[in-house]
Amino acid sequence: MNSLFASLPTTVFETMSRLAREHDAVNLGQGFPDDPGPLDVREKAAEAVLNGWNQYPPMMGVPELRRAVSEHYRDWQGLDLDPDTEVMVTSGATEAIAGALLALIEPGDEVVLFQPLYDAYLPLVQRAGGIPRLVRLVPPHWRLTEEALGEAFTPRTRLVLFNNPHNPTGRVFGRDELELLARHCVRSDAVLISDEVWEHVIFDGLTHQSVLSLPGMRERAVKIGSAGKIFGMTGWKVGFVCAAPNLMRALSKAHQFLTFTTPPSLQHAVAYGLGKDPDWFMGTRAGLQRSRDRLAAGLAGIGFSVLPSSGTYFLNVDLAPLGANVRDEEFCRSLVAEFGVAAIPVSAFYAQDAVESVIRFCFAKTDATLDRAIERLEAVRSRALAG
Ligand code: GLN
């Protein structure tokens, strides 16, 4: 067996969802919405399954979807992507990330990553032969700094795996930070893989800035998107990869031997969905922003120290004010078992020097679900007061 994979634990998302089921808890752990997703997009998929082509579609994705991705990113992010040579459809962003790492890393290459990191990144980098160089982001601001980047980048840096908006912190990186990162990539002649799956899930009037629009990055960045996140249907696993033709040639070779294609019915439905009226996208954002504010207010009302969140389905709570010895993992275990609310300990997103005082809640839920969670969390305060 491969020692790296044989020794990996089950992902924290799976573990917490299992505990949530066992304890009949409100599951604010794993990030998925209560809402079933837009009916018209689901109807398109159903119609395509019943009456459409259900054999292998083209390996790069159905032309309608590749065109729709190009037009969508032109309209929303000002990008200019050739649908024939610069857009590829994958079975979710996870496949896109795994494929990009397999296609772009030579064993021994250094890869810069940012902690807290999405749990799939590190094992995939290591399995591809990359040597991780970790930049550690810390609460409450989780900022990219010149100093931290300067330490992580070396002359051997070949690749950077970045995520913006950022899971689990809910951080949307500023233009200054993105440009700083771009400068380091150019200086080291490194390729930047940018996981932008949360690009539409941003709040407070912010607009998403793709790395492809940064100075010097058009030819050296790989942008990854996800229909599952855009339409709030996380099980669909339809991803998009956008990159200059030179990079795309290698990326497509990894894709052709990982999954080869992605269900054509879902691709047609996503192509339709990407062309939906801007009001739908903005309305979805507004709804999620309201849910964020509802959960944040509820948590703050109980006395939790809520960290800011400008994007993703997540907001974090800093446990430090509760006492120096409160550790996130233990706290989450007792939350789910004794109080019936599942959350995710953010230390699970660190490979070393973990921040152990922050826990992540998913707010992409109905008001009733959020209110039930808050009601149950009230008991945490009563317990703390009694103790
Ligand atoms: N992206 C989801 C989250 O952060 C989890 C996906 C998964 O369970 N693998 O909660």
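Remember, it's 1-based here, ligands and their atoms both numbered in the order they're listed. Numbers here are sequence positions counted from 1. If you're wondering where the values come from, they're calculated on a predicted model, not measured in any experiment.
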Show me, by chain and number, every protein residue that has a heavy-atom distance under 4.0 Å to ligand 1.
F13, Q30, G31, Y118, N167, F314, R360

State whether a side-chain donor-acceptor pair under 3.5 Å links H72 with Q77.
no

For the pair E329 (side chain) and P345 (backbone), establish whether a donor and an acceptor sit closer than 3.5 Å, ignoring hydrogens and angles.
no

Can you sort out the partners of E356 under side chain to side chain donor-acceptor pair (under 3.5 Å), two or more places apart, ordered by chain and number?
R327

Among W198, F363, F361, whose ring pair (Phe, Tyr, Trp, His ring centres under 6.0 Å) with F314 holds?
W198

Side-chain donor-acceptor pair under 3.5 Å between E64 and Q267, yes or no?
no

Within 45 degrees of the axis of the six-membered ring of Y313 and under 6.0 Å from its centre: does K365 put its NZ or CZ there?
no

